[in-house]
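Worksheet: one structure, shown below.
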Amino acid sequence: MRVIARKTLRDFYEKHAAAKGPLEAWFHEAEAANWRGPQDIKKHYQSADILPGNRIVFDIKGNTFRLIVKIHYNRSIVFIRFVGTHAQYDKIDAKTI
């Protein structure tokens, strides 16, 4: 998969050092993946939440952080829509971000 934009992850983990390893691991796993639908993601990330509009919420570092992506499965593109702490996540609408 092509992940857009890695800079969003970097900007976040520069402020939250504990997120660096888990976010980098997620990035490399996503980049190597060939997700054809939400079921492919759930096979590897059982705690991932599937939302309408091809959005997925990933728990990062034991649910300390949250990552929301929007996936265009037919084009193999993952768009990073949000990365934040669990408290920041609670303040947004994951279905529309």
Side-chain angles (χ1 to χ4, degrees):
M1 305 294 288
R2 182 172 167 213
V3 180
I4 301 174
R6 188 176 188 183
K7 183 179 183 319
T8 304
L9 300 179
R10 281 192 203 122
D11 290 347
F12 183 77
Y13 66 61
E14 285 176 4
K15 295 175 185 164
H16 302 274
K20 182 176 182 176
L23 284 174
E24 283 291 309
W26 176 89
F27 175 84
H28 291 296
E29 289 169 9
E31 199 174 44
N34 187 23
W35 296 325
R36 296 289 178 207
Q39 68 281 0
D40 291 339
I41 295 167
K42 287 296 271 187
K43 285 179 189 173
H44 188 72
Y45 296 98
Q46 295 174 357
S47 65
D49 296 321
I50 310 301
L51 302 178
N54 291 327
R55 283 179 165 70
I56 311 291
V57 180
F58 292 95
D59 297 336
I60 304 295
K61 195 178 184 290
N63 207 16
T64 302
F65 306 106
R66 291 283 182 101
L67 172 66
I68 302 173
V69 301
K70 182 171 182 168
I71 302 178
H72 289 242
Y73 295 102
N74 60 337
R75 297 171 69 201
S76 298
I77 300 175
V78 177
F79 293 95
I80 296 171
R81 304 296 296 156
F82 170 87
V83 60
T85 64
H86 202 274
Q88 291 168 328
Y89 172 83
D90 288 341
K91 296 177 183 175
I92 63 157
D93 182 355
K95 296 177 184 173
T96 60
I97 194 162

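All residue numbers refer to positions in the sequence shown, counting from 1. No experiment lies behind these values; they were computed from the predicted model shown.
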Given the rule in the side chain to side chain contact (heavy atoms under 4.5 Å, CB included) test, do V69 and W26 qualify, once you have shown the distances and angles that lead to the verdict? CA-CA 12 Å; V69 301; W26 176 89; 3.9 Å; yes

Let me confirm one number: the [atom1]-[atom2] distance from [X] to [Y], rounded to the nearest 0.5 Å.
X	Y	atom1	atom2	result
R81	R55	CZ	CZ	5.5 Å
H16	Q88	NE2	CD	5.5 Å
I77	N54	CD1	CG	12.5 Å
R10	L23	CZ	CG	12.0 Å
I4	K70	CD1	NZ	13.0 Å
R36	I41	CZ	CD1	12.0 Å

hydrophobic_cluster_shared for [Y] and [X], side chain cutoff 4.5 Å:
X	Y	result
I92	L51	yes
Y13	I80	yes
L67	I97	no
I50	M1	yes
F65	F58	yes

Hey, what's the ring geometry for W35 with Y45, parallel, tilted or perpendicular (30° and 60° as the breaks)?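 Ring orientation of W35 relative to Y45: perpendicular.
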
Does this structure show an ion pair linking D11 with K7, if we count only N-O contacts that are shorter than 4.0 Å?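 Looking at D11 and K7, the cut-off is met.
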
Whether over 12 other heavy atoms sit under 6.0 Å from R2 CZ: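 Check fails, neighbour count at 12 or below.
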
Should we say atom CD of Q46 is surrounded by more than 12 heavy atoms from elsewhere, each under 6.0 Å from it?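 12 or below, so no.
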
Backbone N/O of E14 and side chain of K20: donor-acceptor pair under 3.5 Å: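 A pair under 3.5 Å: no.
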
Quick check: closest heavy atoms across S47 and K42, and the distance to 0.1 Å?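 That closest heavy-atom pairing would be C-NZ, 4.4 Å.
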
Heavy atoms, side chains only, cut-off 4.5 Å: are R66 and I60 in contact?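 R66 vs I60: side chains apart.
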
Any side-chain heavy-atom pair of Y73 and P38 under 4.5 Å: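 Result yes, sub-4.5 Å side-chain heavy-atom pair found.
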
Worked verdict on I56 versus V78 for side chain to side chain contact (heavy atoms under 4.5 Å, CB included): CA-CA 10 Å; I56 311 291; V78 177; over 6 Å; no

Tell me which pairs pass ring-ring contact (aromatic ring centres under 6.0 Å, His included) where either residue lies in residues 75-97, with sequence neighbours left out.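 Sorted pair list: H72-F79.
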
